Enquirer: 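The structure is given below, and queries will be raised subsequently.
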Number of protein chains: 2
Amino acid sequence: MNKREAMVLLKNKGYKHTDKREDILELFDQKGGYLSAKEIQTALKDSYPGISFDTIYRNLSLFQDLMILEETELDGEKIYQFHCTEHHHHHLICLSCGKTRTIEVCPMQDLSQIDPEFQVTGHKFEIYGYCKSCQLKMKETEKKNHDSMMVSPKV
Amino acid sequence: MNKREAMVLLKNKGYKHTDKREDILELFDQKGGYLSAKEIQTALKDSYPGISFDTIYRNLSLFQDLMILEETELDGEKIYQFHCTEHHHHHLICLSCGKTRTIEVCPMQDLSQIDPEFQVTGHKFEIYGYCKSCQLKMKETEKKNHDSMMVSPKV
DNA sequence: ATACATGCAAACAATTTGCATATTA
DNA sequence: TAATATGCAAATTGTTTGCATGTAT
């Protein structure tokens, strides 16, 4: 799923076109990973200084109902990304920037007989860590802090 | 980890013995699975009618810091069970009763080279569904509803 | 014109915190 | 008695909802 497809879907289902809706979807297009309501509000507050969380939450919830977005939870916060209709898969999730990378391995394939009595209805497999670019950024920051300490040591 | 070990640990660390603390741990001993703050409050409200959520949350949080309990999240609710020090593993989680069953398979073993650039810091693998006994209970309930409908049909 | 979208304010639920009091070692 | 535990009440955070208004079709 992506912004363009989502816009078409919304139109077909009779939902109205609004700039905010489009811009929220645009964010997901640009991001290619998970976003929280808060991140969306932050990202949009230049274009829409008064944008309210209700609108964001309502749209996220609508998008989820329409299978435009899929939801997961991180640290008690709901986060969303474009729903992937094509096939079942899992994700690497960067804890710093929220970007995700799809992995095609699903552990469930190997587990058919783990416990025949247990009726499986769902599963979650997520890998957390830091993507290459965030690792580099963190190294940069570390270095900067170190350098500035050298120049003007803290009291 | 179990109640007895936990009590010793608390004592050694200088925390005081209280009946509530002991009873909370006792609950986990009996349950052998996940409990939420709400479930704990419900279970203890006979013995301690006025027990406050603060106490429960504070103790859960303490127990987690001391590695007595481990935490995960289900439907936006934090749930806890005894921490397993022995070895790394994952769980089947019954969505009805919260009981868990350990499974020894860890998908990470097979994933060492998924993305060498991604710095892995953690992962979550959980399987959700219904345990045998909850399946039976649900069937019972269904049957009961059906039977009672036969006797006195709803308007 | 009509249905849908939004903002506002208020409600909600889960969780956390400051402070005074009570309890354990 | 000295340190820790608890209850109370209030704050915080993330999220949801009712209602009046605004806007896209």
Side-chain angles (χ1 to χ4, degrees), chain A residues 6-27 34-66 68-81 98, chain B residues 6-27 34-66 68-81 98:
Chain A
M7 296 300 290
V8 172
L9 185 67
L10 283 171
K11 178 153 208 177
N12 289 346
K13 293 268 182 184
Y15 294 97
K16 297 192 174 155
H17 173 277
T18 72
D19 291 348
K20 287 169 192 177
R21 229 163 232 180
E22 180 163 3
D23 286 3
I24 290 175
L25 292 167
E26 174 68 28
L27 280 180
Y34 282 106
L35 285 166
S36 67
K38 200 185 291 180
E39 287 172 315
I40 292 170
Q41 205 253 6
T42 305
L44 292 186
K45 71 164 183 285
D46 284 343
S47 322
Y48 311 97
I51 192 166
S52 64
F53 273 107
D54 335 305
T55 302
I56 294 170
Y57 281 118
R58 267 192 275 238
N59 279 316
L60 288 176
S61 164
L62 171 67
F63 294 162
Q64 198 189 355
D65 290 347
L66 297 177
I68 291 171
L69 295 179
E70 61 185 57
E71 177 204 290
T72 189
E73 207 133 8
L74 198 59
D75 289 327
E77 229 188 4
K78 292 185 183 173
I79 56 178
Y80 300 83
Q81 72 164 14
Chain B
M7 296 300 290
V8 173
L9 185 67
L10 283 170
K11 178 154 209 175
N12 288 346
K13 293 267 184 183
Y15 294 97
K16 296 189 174 157
H17 173 276
T18 72
D19 291 348
K20 287 169 192 177
R21 229 164 233 179
E22 181 162 0
D23 287 3
I24 290 175
L25 291 168
E26 174 68 26
L27 280 180
Y34 282 106
L35 286 166
S36 66
K38 199 184 291 178
E39 288 172 315
I40 292 171
Q41 205 253 7
T42 304
L44 292 186
K45 71 163 182 285
D46 284 342
S47 322
Y48 311 96
I51 192 166
S52 64
F53 274 107
D54 335 305
T55 303
I56 295 169
Y57 280 120
R58 267 191 276 237
N59 278 317
L60 288 176
S61 164
L62 171 67
F63 294 161
Q64 199 189 354
D65 290 347
L66 296 178
I68 291 171
L69 295 179
E70 60 185 56
E71 176 204 291
T72 189
E73 208 134 8
L74 197 59
D75 289 326
E77 228 188 4
K78 291 184 184 174
I79 55 178
Y80 300 83
Q81 72 165 15

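So you know, we letter chains A, B, ... as the sequences are listed, proteins then strands, and number each from 1. Note that this is a predicted model, so its numbers are computed, not measured.
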Enquirer: Could you tell me the separation between the CG atom of A/Leu69 and the CD1 atom of A/Ile79, rounded to the nearest 0.5 Å?
Expert: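 Those atoms lie 12.0 Å apart.
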
Enquirer: Do any N or O atoms from the side chain of B/Glu77 and from the backbone of B/Leu74 form a donor-acceptor pair under 3.5 angstrom?
Expert: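 A pair under 3.5 Å: no.
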
Enquirer: Identify the pairs formed between an N or O of the protein and an N or O of nucleotides 9-11 of chain D at a distance under 3.5 Å, and give each distance.
Expert:
| unit_1 | atom_1 | unit_2 | atom_2 | d |
| --- | --- | --- | --- | --- |
| D/dA9 | N6 | B/Asp54 | OD1 | 3.0 |

Enquirer: To the nearest 0.5 angstrom, please state how far the NE2 atom of B/His17 sits from the CE atom of B/Met7.
Expert: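 Between B/His17 NE2 and B/Met7 CE, I get 3.5 Å after rounding to 0.5 Å.
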
Enquirer: Please name the pair of heavy atoms, one in B/Asp46 and one in B/Pro49, separated by the smallest distance, quoted to 0.1 Å.
Expert: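 Minimum heavy-atom separation between B/Asp46 and B/Pro49: O-CD, 3.9 Å.
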
Enquirer: I need the full list of salt bridge (Lys or Arg N to Asp or Glu O under 4.0 Å) pairs touching residues 14-23 of chain A, with sequence neighbours left out, sorted by first then second residue.
Expert: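 Checked against salt bridge (Lys or Arg N to Asp or Glu O under 4.0 Å) - neighbours excluded - the pairs reaching residues 14-23 of chain A are A/Lys3-A/Glu22.
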
Enquirer: Quick one: list whatever passes side-chain hydrogen bond (donor to acceptor under 3.5 Å, both in side chains) with B/Thr72, sequence neighbours left out.
Expert: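 Partners of B/Thr72 under the side-chain hydrogen bond (donor to acceptor under 3.5 Å, both in side chains) test: B/Lys124, B/Glu126.
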
Enquirer: Report the distance from atom CD1 of B/Ile51 to atom P of D/dG7, rounded to the nearest whole Å.
Expert: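 Between P of D/dG7 and CD1 of B/Ile51: 6 Å.
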
Enquirer: Find the distance between CD1 (B/Ile24) and OG1 (B/Thr55) and round it off to the nearest 0.5 Å.
Expert: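 Those atoms lie 7.5 Å apart.
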
Enquirer: Report the residues that fulfil side-chain contact (heavy atoms from CB on, under 4.5 Å) with A/Ala37, sequence neighbours left out, ordered by chain and then residue number.
Expert: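 A/Ala37 satisfies side-chain contact (heavy atoms from CB on, under 4.5 Å) with A/Phe53, A/Ile56, A/Tyr57, A/Leu60 only.
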
Enquirer: Strictly below 4.0 Å, heavy-atom distances to any atom of DNA chain C: list the hits from residues 70-78 of chain A, or just say none.
Expert: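 None, since no heavy atom is under 4.0 Å.
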
Enquirer: Nearest heavy atom decides the nucleotide; on that basis, is A/Ile56 or B/Phe53 closer to the 5' end of DNA chain C?
Expert: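 Upstream on the strand: A/Ile56.
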
Enquirer: Output the distance between atom CG (B/Asn12) and atom CG (B/Leu66), rounded to the nearest 0.5 Å.
Expert: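 Answer for the CG-CG pair, B/Asn12 versus B/Leu66, is 11.0 Å.
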
Enquirer: Using a cut-off of 6.0 Å, state whether more than 12 heavy atoms not belonging to B/Asp65 lie near its atom CG.
Expert: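 More than 12 heavy atoms, drawn from other residues, nucleotides or ligands, come within 6.0 Å of this atom.
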
Enquirer: Return the set of residues passing side-chain contact (heavy atoms from CB on, under 4.5 Å) with B/Thr42 (not counting sequence neighbours), or none when no residue passes.
Expert: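 Expected list: B/Lys45.
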
Enquirer: Looking at residues 35-45 of chain B, who's got a heavy atom less than 4.0 Å off DNA chain C?
Expert: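 Heavy-atom contacts with DNA chain C come from B/Lys38.
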
Enquirer: With respect to A/Glu71, which candidate in A/Phe63, A/Tyr80, A/Tyr34 satisfies the side-chain contact (heavy atoms from CB on, under 4.5 Å) definition?
Expert: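 Between A/Glu71 and the candidates, side-chain contact (heavy atoms from CB on, under 4.5 Å) is satisfied uniquely by A/Tyr80.
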
Enquirer: Considering residues at least two apart in sequence or located in another chain, which fulfil the side-chain hydrogen bond (donor to acceptor under 3.5 Å, both in side chains) criterion with B/Glu73?
Expert: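 Partners of B/Glu73 by the side-chain hydrogen bond (donor to acceptor under 3.5 Å, both in side chains) criterion come out as none, since no residue qualifies.
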
Enquirer: Would you give the length of the straight line joining atom CD of B/Glu39 to atom CG of B/Leu44, rounded to the nearest 0.5 angstrom?
Expert: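 It is 11.5 Å, given to the nearest 0.5 Å.
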
Enquirer: Using whole Å, report how far CE of A/Met7 lies from P of D/dA24.
Expert: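 So the CE-P distance, A/Met7 to D/dA24, works out to 13 Å.
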
Enquirer: Report the end-to-end axis angle of the helix from C/dA1-D/dT25 to C/dA25-D/dT1; each axis comes from five terminal pairs, and the value is rounded to 10°.
Expert: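 If I round to tens, the end axes sit 20° apart.
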
Enquirer: Under the side-chain hydrogen bond (donor to acceptor under 3.5 Å, both in side chains) rule, collect the residues that match up with B/Ser61, sequence neighbours excluded.
Expert: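 Result, side-chain hydrogen bond (donor to acceptor under 3.5 Å, both in side chains) vs B/Ser61: none returned.
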
Enquirer: What parts of residues 17-25 of chain A reach DNA chain D, counting only heavy atoms under 4.0 Å away?
Expert: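 Hits under 4.0 Å, by residue number: A/His17.
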
Enquirer: If you walk 5' to 3' along DNA chain C, what is the first nucleotide with an atom under 4.0 Å of a heavy atom in chain A, and what is the last?
Expert: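 In short, chain A contacts DNA chain C from C/dA3 to C/dA9.
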
Enquirer: Given side chains that start at C-beta, do those of A/Thr18 and A/Asn59 come closer than 4.5 Å, heavy atoms only?
Expert: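 No, too far: nothing below the 4.5 Å cut-off.
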
Enquirer: Is B/Lys13 close to B/Leu9 at the side-chain level, that is, under 4.5 Å between some pair of heavy atoms?
Expert: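 Answer yes - side chains close enough.
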
Enquirer: Rounded to the nearest 0.5 Å, what separation is found between the CG atom of B/Leu27 and the CD1 atom of B/Ile40?
Expert: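 Nearest 0.5 Å value for the CG-CD1 distance: 6.5 Å.
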
